[in-house]
Amino acid sequence: MEQIDGKSRLQAALQSESVGSDSPKLRFESDGTFQITVFSDLHLGEAPNGVGPLKDARTADVIRKVLQADHTQLVVLNGDLITGDGTSRENSTDYLDHVVAPIVEADIPWASTYGNHDNQPNLLTDNIYTREKTYRNSLTQRMVQSDSVETGVTNYYLPVYAADGSDTPELVLWFFDSRGGYVYGQWPVKKRPDWVHETVVKWFEETNLHLREQYGKAIPSLAFFHIPVNSTRTFQSTHGVDSSKQPGINGEPVISQGYQYDEYSQEWDLPFMRALLNTEGLLATFSGHDHDNDWCFKWTDTVSDTTLPGNGLNLCYGRHTGYGSYGNLARGGRHIFLKQDTLKDEVITWIRLESGLVTENVTLNATYGQDDYHPHYFLQKRGVIVENAGNGLSSDPSSLLLFFIMAVYFSFAVFRS
């Protein structure tokens, strides 16, 4: 793959056109493509007097290697940037500097959502946000001005424009704070609700309607939030994840929005799920939270215990990026590849591992969930592209060795799930 230095990436991704702020606009490249890399569950800050610093350094190395492998115009940090459980109040936000250091080195813009571990008795998402906004390349915003305990912080959208200088967005990226964790500074500890709040849902619906009226059309969009919605849990438990039709690792039960709250109910995130389904042009959503899952599915059936049928929306996990917290999967990130001329019809996405391999390269289109992917994974070495999983690997010996290693690994992972 062609390697592009960090400065060129930033210039390609951003045009120096400010709209009431210093934040320039995201744009498709001149070839009509826009690419995003998603890092989930970094979990920096654990065991600061033990193995934590070593794990944090390894996590930073994952980010560097993934960004070197794929040309990326935007990084999304999709929650649990820091494990606030073990940090001290005096230095907890300092870990944000370590989280973004590899991205700053590459000079690539990023946008964040915050997760349940980002708000703990010694760590406040408001403070993470304040620290983030000291960086020029942070595009993270806070568009719902309310108490963060009630609504969270990272609720906003970013428009992406065509390369020709047009002021009409070709794509909208939505970001939501699914909250969770524990109330800051409160002892004994008190849980925060772990779903997207109805105030945010109302803002989402009203803002989306305004954008549609302003531009006279429904704009294709993607959405990012840390904790998956309940339809994901229902799909796994009732239909099951088919490793051929939903390729990926299915290594643990889905812990969905509202599940970790004291009074679990699928009803908690029902308004948010309904709003997602009612958003014309929404192509896919991306979550983290469950470290041993990285599959996608098409939501077509009714969620149990509700009357909310799916409409074909694609819902995806990312890939566990950080060496903090639990999980034995190889670390990496999820890459999203968009083409302007097919934007309404498909989203191409794959998992890039720190080793340089690509797994689970899928096309989220009208037939995703019906198409068979054989074998159940896709391999790619840096610089050696395997055009079609199952139609042959590069014949060089190292590629074949990697193939057999990954085959054994994935067979074991599927058996465990």
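Index from 1, following the sequence.
Under 3.5 Å, the side chains of His289 and Asp80 contain no donor-acceptor pair of N or O atoms. Between the side chains of Tyr95 and Glu46, no donor N or O sits under 3.5 Å from an acceptor N or O.
Ion pair Glu354/Arg58 not flagged as a salt bridge, since none of the NZ, NE, NH1 or NH2 atoms sits closer than 4.0 Å to an Asp/Glu carboxylate oxygen. A salt bridge is defined here as a Lys NZ or Arg NE, NH1 or NH2 lying under 4.0 Å from an Asp or Glu carboxylate O, and Glu346 with Lys339 meets this definition. Comment: Asp97 engages Arg131 in a salt bridge, judged by a side-chain N to carboxylate O separation of less than 4.0 angstrom. With respect to Lys245 and Asp371, no salt bridge is recorded, no charged nitrogen being found less than 4.0 Å from a carboxylate O. Contact check on Asp269 versus Arg233 returns no salt bridge, with no Lys/Arg side-chain nitrogen under 4.0 Å from an Asp/Glu carboxylate oxygen. With salt bridges taken as basic N to acidic carboxylate O contacts below 4.0 Å, none links Arg179 and Asp194.
Nearest heavy atom pair, residue Leu222 against residue Ile36, reads CD1-CD1, 4.2 Å.
Here the straight-line distance linking atom CG of Leu329 with atom CZ of Arg319 works out to 4.5 Å at 0.5 Å rounding.
Side-chain N or O atoms of Asp294 include one that pairs as donor or acceptor with a backbone N or O of Ile249 at under 3.5 Å. A donor-acceptor contact shorter than 3.5 Å is absent between the side chain of Ser166 and the backbone of Ala162.
Annotation: cation-pi pair Lys298/Tyr368 absent, no NZ/CZ under 6.0 Å from the ring centroid and within 45° of its normal. Figure legend: cation-pi geometry between Arg331 and Tyr323, with NZ or CZ positioned under 6.0 Å from the six-membered ring centre and within 45° of its axis.
Shown are Phe225, Phe286, Tyr156; of these, the ring pair (Phe, Tyr, Trp, His ring centres under 6.0 Å) with Phe175 is made only by Tyr156.
Under the 30°/60° scheme for interplanar angles, the aromatic rings of Phe297 and Phe235 are found to lie parallel.
Heavy-atom contacts from other residues, nucleotides or ligands closer than 6.0 Å to CD of Gln340 number more than 12.
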